[in-house]
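Report on one structure; see the data block that follows.
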Amino acid sequence: MLAQPKPHYTPETYLELERKAAYKSEYFKGEIFAMAGASRNHNRIKENLSIEIGSYLKGKRCQSFSSDMRLHIPSNSLYTYPDLVVVCGEPELLDSTFDTLLNPTVIIEVLSESTKDYDRGGKFMLYRNIPAFQEYILIDSEQIRLEAWYKPENGFWTLRKETDRIEDTLMIQTLDFTLPLRTIYDQTVGLLN
């Protein structure tokens, strides 16, 4: 039996389908990929970050968006849903539907078993094609672990912080904001003593 070729979708078809769908999917080079659900700890960490960062940014020139804001990278065709994005300055949006962002400054991904390799590797490489992108933060949902990457003016990405100590803090350099890891992991199950 011959394998059936995978369907190939245009970005326009993807957006039309995605805007009507009951669930979220990513798009890359003509293929659509359904997104898996997230664990309790994943959602708790994302909410903790959203509350703390969103509160800090009130009245400032930057704003945050949670995982329902789609991100598009025109140079490589990726449409995806980061866990949290921060835009400094005016958000650039794909079209008048206002649901697809083009210019994040900070991207935060909460890692799970099924996504951690992609988020650290291939997805990070795709994100690097965003001109406004300056800071990438990866937070593990299965253990206390954080990585913070930063792109200084020289354009070379640098691992600025890597820790597995709950007593440490996360400094989001672009925002001049420090957040204790204990706050990030608050109310998670099985991670705090």
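Two residues are said to be in side-chain contact when any heavy atoms from C-beta on lie closer than 4.5 Å; Lys29 and His8 fail this criterion. Annotation: side chain of Glu16 is not in contact with side chain of Glu12 (no heavy-atom distance under 4.5 Å). Proximity of Val106 to Ile53: side-chain heavy atoms (C-beta onward) are nowhere separated by under 4.5 Å. Side-chain contact between Leu93 and Leu101 is present, with heavy atoms from C-beta onward closer than 4.5 Å. Two residues are said to be in side-chain contact when any heavy atoms from C-beta on lie closer than 4.5 Å; Ser67 and Lys24 meet this criterion. Two residues are said to be in side-chain contact when any heavy atoms from C-beta on lie closer than 4.5 Å; Leu15 and Arg70 meet this criterion. In this structure the side chain of Leu175 never reaches within 4.5 angstrom of the side chain of Thr105, judged on heavy atoms. Between Tyr150 and Thr174, the closest side-chain pair of non-hydrogen atoms falls below 4.5 Å.
Although no hydrogens or angles enter the test, the distance criterion places a donor-acceptor pair under 3.5 Å between the side chain of Asn103 and the main chain of Glu92. Although no hydrogens or angles enter the test, the distance criterion places no donor-acceptor pair under 3.5 Å between the side chain of Ser112 and the main chain of Val110. Side-chain N or O atoms of Lys161 include none that pairs as donor or acceptor with a backbone N or O of Met171 at under 3.5 Å. Side-chain N or O atoms of Asn76 include one that pairs as donor or acceptor with a backbone N or O of Leu126 at under 3.5 Å. For the pair His72 (side chain) and Leu78 (backbone), a donor-acceptor distance under 3.5 Å is present. The backbone N or O of Leu111 lies less than 3.5 Å from no partner atom in the side chain of Thr115, so there is not a single donor-acceptor pair. At distances below 3.5 Å, not a single donor-acceptor pair connects side-chain atoms of Arg160 with backbone N or O atoms of Glu135.
The list of ring-ring contact (aromatic ring centres under 6.0 Å, His included) pairs with a residue in residues 170-192, not counting sequence neighbours, reads Tyr56-Phe177. Applying the disulfide bond (SG atoms under 2.5 Å apart) definition to pairs two or more places apart or across chains, those involving residues 67-97 are Cys62-Cys88. The salt bridge (Lys or Arg N to Asp or Glu O under 4.0 Å) analysis of residues 118-129, with sequence neighbours excluded, yields the pairs Glu26-Lys123, Glu109-Lys123, Asp119-Lys123, Arg120-Glu147.
Between the CD atom of Glu52 and the OG1 atom of Thr183 there is a distance of 5.5 Å, given to the nearest 0.5 Å. Distance check: Asn43 CG to Gln187 CD gives 13.0 Å after rounding to the nearest 0.5 Å. The distance from the CG atom of Leu191 to the OG atom of Ser141 is 8.0 Å, given to the nearest 0.5 Å. With rounding to the nearest 0.5 Å, the separation of CG in Asn48 from CZ in Arg182 is 13.0 Å.
With a 6.0 Å radius and a threshold of 12 heavy atoms from other residues, nucleotides or ligands, Asp95 has its CG atom above the threshold.
Taking hydrophobic clusters as Ile, Leu, Val, Met, Phe, Trp and Tyr residues chained together by side-chain heavy-atom distances below 4.5 Å, Phe133 does not share a cluster with Ile137. The hydrophobic cluster containing Ile144 also contains Ile139, counting ILVMFWY residues as joined when their side-chain heavy atoms lie under 4.5 angstrom apart, directly or transitively. Connection of Leu49 to Ile107 is not established within any shared hydrophobic cluster, with ILVMFWY side chains joined at heavy-atom distances below 4.5 Å, either directly or through further cluster members. Tyr81 and Val85 are not part of a single hydrophobic cluster, where members link through side-chain heavy atoms under 4.5 Å apart. Under a hydrophobic clustering in which Ile, Leu, Val, Met, Phe, Trp and Tyr are joined whenever their side-chain heavy atoms come within less than 4.5 Å, directly or via other members, Phe98 and Phe65 fall into the same cluster.
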Distance-only donor-acceptor hits, side chain of residues 32-41, under 3.5 Å, sequence neighbours excluded:
residue	atom	partner	partner atom	Å
Ser39	OG	His42	N	3.1
Asn41	OD1	Val189	N	2.7
Asn41	ND2	Val189	O	3.0

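Partners of Phe124 by ring-ring contact (aromatic ring centres under 6.0 Å, His included), not counting sequence neighbours, listed by chain and number: Tyr136, Trp149, Trp157. Residues satisfying the side-chain hydrogen bond (donor to acceptor under 3.5 Å, both in side chains) criterion with Asp168, sequence neighbours excluded, are Thr163, Arg165.
Ring to ring, Tyr27 and Tyr9 are not that close: their centroids are 6.0 angstrom or more apart.
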